[in-house]
Amino acid sequence: DKRPWSDVDLVLRNLPPRMAKDALMRTDGKYKRLPLHHAAWKAPRSVIDRMLALAPEAARVKDSWGDLSLHYAAGNNNNVDVIESFMNIYPDALLVTDNAKKKSNPS
């Protein structure tokens, strides 16, 4: 269902940029995932691109397992366009390992 993601996109478009960035850099608690980690799993590229535009540094943040948002996108066999969005912001992400020493493998 794309409806919740269109709602997220709408909220991000209407928040002042600083407030949106603050929200995008807030972790979910125990697992230390950012909204970008959640979005990387299923959100359309337009939402990922908006999140990355507002908080590009979020692409460099690891969760409690050491996973970047790119790991979520690649692990879910997400569309190549979404992976390209991450690579445009943080090209060295392909070299980053998670806590199990696994690299992203978007191929």
Side-chain angles (χ1 to χ4, degrees):
D1 183 18
K2 292 187 180 191
R3 176 66 187 179
W5 293 115
S6 63
D7 291 347
V8 168
D9 193 48
L10 179 66
V11 168
L12 290 174
R13 277 187 282 136
N14 288 300
L15 280 175
R18 181 66 193 164
M19 188 178 288
K21 182 176 182 171
D22 288 347
L24 291 170
M25 294 305 296
R26 192 168 297 136
T27 64
D28 64 2
K30 180 179 177 183
Y31 301 112
K32 299 182 181 171
R33 291 176 294 209
L34 297 176
L36 188 58
H37 286 95
H38 295 281
W41 192 252
K42 291 281 186 189
R45 185 176 187 175
S46 60
V47 173
I48 300 290
D49 287 345
R50 185 167 314 282
M51 289 179 163
L52 289 169
L54 290 164
E57 63 275 23
R60 297 174 181 269
V61 175
K62 293 182 174 186
D63 67 9
S64 61
W65 292 283
D67 288 323
L68 298 170
S69 299
L70 174 63
H71 291 118
Y72 282 71
N76 193 40
N77 295 318
N78 211 327
N79 152 340
V80 173
D81 291 342
V82 169
I83 293 175
E84 183 179 59
S85 291
F86 285 105
M87 299 311 303
N88 289 337
I89 294 294
Y90 183 28
D92 289 340
L94 284 178
L95 305 174
V96 176
T97 58
D98 63 12
N99 293 348
K101 305 295 183 220
K102 295 185 292 186
K103 291 183 183 177
S104 299
N105 185 7
S107 56

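Val82 and Leu34 fall into different hydrophobic clusters, defined by Ile, Leu, Val, Met, Phe, Trp and Tyr side-chain heavy atoms under 4.5 Å apart, directly or through other members. Placement of Met51 and Ile89 within a single hydrophobic cluster is found when ILVMFWY residues are connected by side-chain heavy-atom separations under 4.5 Å, directly or transitively.
With sequence neighbours excluded, the residues that form a side-chain contact (heavy atoms from CB on, under 4.5 Å) with Ala20 are Leu12, Leu15, Leu54. For Asp49, the side-chain contact (heavy atoms from CB on, under 4.5 Å) criterion is met by Arg45, Ser85, not counting sequence neighbours. By the side-chain contact (heavy atoms from CB on, under 4.5 Å) test, Lys62 is found to be paired with Leu68, Val96, residues two or more places apart in sequence or in another chain being considered. Scored by the side-chain contact (heavy atoms from CB on, under 4.5 Å) test, Asp92 finds Tyr90, Leu95 as partners (sequence neighbours excluded). The salt bridge (Lys or Arg N to Asp or Glu O under 4.0 Å) check on Arg60 picks up nothing, with sequence neighbours excluded. With sequence neighbours excluded, the residues forming a salt bridge (Lys or Arg N to Asp or Glu O under 4.0 Å) with Arg13 are Asp9, listed by chain and number.
In this structure, the side chains of Val61 and Met25 come closer than 4.5 Å at one or more pairs of heavy atoms. Under the 4.5 Å side-chain criterion, counting only non-hydrogen atoms from C-beta, Glu84 is not in contact with Met87. Side-chain atoms of Leu36 and Leu52, non-hydrogen and from C-beta on, do get closer than 4.5 Å to each other.
The minimum heavy-atom distance linking Leu24 with Ala55 is given by the pair CB-CB, 4.0 Å. Shown here for Gly75 and Trp41, the closest heavy-atom pair between the two residues is C-CZ3, 4.4 Å. Between Ala58 and Ser69, the shortest heavy-atom distance links the atoms O-OG, 4.4 Å. Closest heavy-atom contact between Ala73 and Phe86: CB-CE1, 4.0 Å.
Remark: Leu94 CG to Ile83 CD1 distance equals 9.0 Å, nearest 0.5 Å.
Using bins of under 30°, 30° to 60° and over 60° for the plane-to-plane angle, the ring pair Tyr31/Trp65 lands in the parallel bin.
One finds no salt bridge joining Arg26 and Asp22 here, because no Lys/Arg side-chain nitrogen approaches an Asp/Glu carboxylate oxygen to under 4.0 Å. Note on Arg33 versus Asp28: salt bridge recorded, some NZ/NE/NH1/NH2 to OD/OE distance being below 4.0 Å.
A distance-only check finds no donor-acceptor pair linking the side chain of His38 to the backbone of Pro35 [under 3.5 Å]. Judged by distance alone, with hydrogens and angles left aside, the side-chain atoms of His37 form a donor-acceptor pair with the main-chain N or O of Asp67 at under 3.5 Å.
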